[in-house]
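Step one of this worksheet: look at the structure below.
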Amino acid sequence: MNEQFPDTPDGRYFVVKGRLWRRSNPGLDENSRATLVKELMSARRAIRNASPGSAAMAKARSKVDAAKVALGERGPLWWDDGAPNFNRKLAKNTPYAAWFVSLAND
């Protein structure tokens, strides 16, 4: 577990500043994951280099979204047990609240 950004016990999220962020799909093979991460980083660089409001900015944002969906960080859930999505929710307002509080006590 990364102590700076801990993973939830079920491995679905990591926590940054008390907020849950969905992890990538662990079912992706390493080659696919590496390719998608490379595409994501390229798209993020394109955002940094694009003019605000430009077509290049819109295209780069679209590429970031596509990579994040393919990684499982956005879009359809990669788990199939019916558990809801708590992405971007404060951990204290989710079923992970007790676990999150316990981190401070460790």
Side-chain angles (χ1 to χ4, degrees):
M1 173 173 78
N2 180 334
E3 291 186 28
Q4 184 179 0
F5 304 114
D7 293 334
T8 58
D10 57 15
R12 292 178 179 160
Y13 305 94
F14 63 96
V15 182
V16 177
K17 297 181 181 178
R19 195 167 298 276
L20 299 172
W21 294 93
R22 202 157 92 193
R23 297 192 52 78
S24 297
N25 182 347
L28 290 173
D29 66 81
E30 205 46 49
N31 286 336
S32 296
R33 180 185 314 282
T35 298
L36 291 167
V37 168
K38 187 175 180 180
E39 290 173 11
L40 176 61
M41 295 299 108
S42 175
R44 285 182 170 164
R45 282 189 298 278
I47 286 174
R48 187 180 62 226
N49 296 326
S51 300
S54 68
M57 175 69 79
K59 183 177 180 181
R61 287 183 185 268
S62 178
K63 286 183 176 186
V64 165
D65 187 60
K68 288 185 131 322
V69 168
L71 283 164
E73 297 173 13
R74 293 183 184 162
L77 300 176
W78 48 260
W79 54 88
D80 59 5
D81 63 1
N85 184 13
F86 295 109
N87 195 38
R88 298 183 176 182
K89 305 291 185 211
L90 290 173
K92 69 180 185 178
N93 297 331
T94 71
Y96 297 99
W99 164 80
F100 183 65
V101 169
S102 76
L103 294 177
N105 298 327
D106 287 345

Between [X] (side chain) and [Y] (backbone), is there a donor-acceptor pair under 3.5 Å?
| X | Y | value |
| --- | --- | --- |
| S62 | A58 | no |
| R44 | V64 | no |
| R12 | N85 | no |
| S102 | W99 | yes |

Closest approach of [X] to [Y] (non-hydrogen atoms, all atoms of both residues):
| X | Y | answer |
| --- | --- | --- |
| T94 | F86 | CG2-CD2, 3.8 Å |
| R33 | S24 | NH1-CB, 3.2 Å |
| G18 | F100 | CA-CZ, 3.6 Å |

For K63, which residues count as a salt bridge (charged side-chain N to carboxylate O under 4.0 Å, His left out) partner, sequence neighbours excluded?
none

Listed partners of R45 passing salt bridge (charged side-chain N to carboxylate O under 4.0 Å, His left out), at least two apart
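Listed in chain order: nothing, the list is empty.
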
So [Y] and [X], do their side chains get closer than 4.5 Å, heavy atoms only?
| X | Y | answer |
| --- | --- | --- |
| V15 | L20 | yes |
| E73 | W21 | no |
| P26 | W78 | yes |

Out of curiosity, does L28 fall in the hydrophobic cluster containing M41 (side-chain heavy atoms, cut-off under 4.5 Å, transitive links)?
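They do share one cluster, since a chain of ILVMFWY contacts under 4.5 Å joins M41 to L28.
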
What distance do [X] atom [atom1] and [Y] atom [atom2] have between them, rounded to the nearest 0.5 Å?
| X | Y | atom1 | atom2 | result |
| --- | --- | --- | --- | --- |
| K59 | I47 | NZ | CD1 | 13.0 Å |
| T8 | F14 | OG1 | CZ | 10.5 Å |
| R23 | F5 | CZ | CZ | 11.5 Å |
| R22 | L71 | CZ | CG | 10.5 Å |
| L77 | W79 | CG | CH2 | 4.5 Å |
| D29 | T35 | CG | OG1 | 8.5 Å |

Residues V69, D65; criterion side chain to side chain contact (heavy atoms under 4.5 Å, CB included); working and verdict
CA-CA 6 Å; V69 168; D65 187 60; 4.2 Å; yes

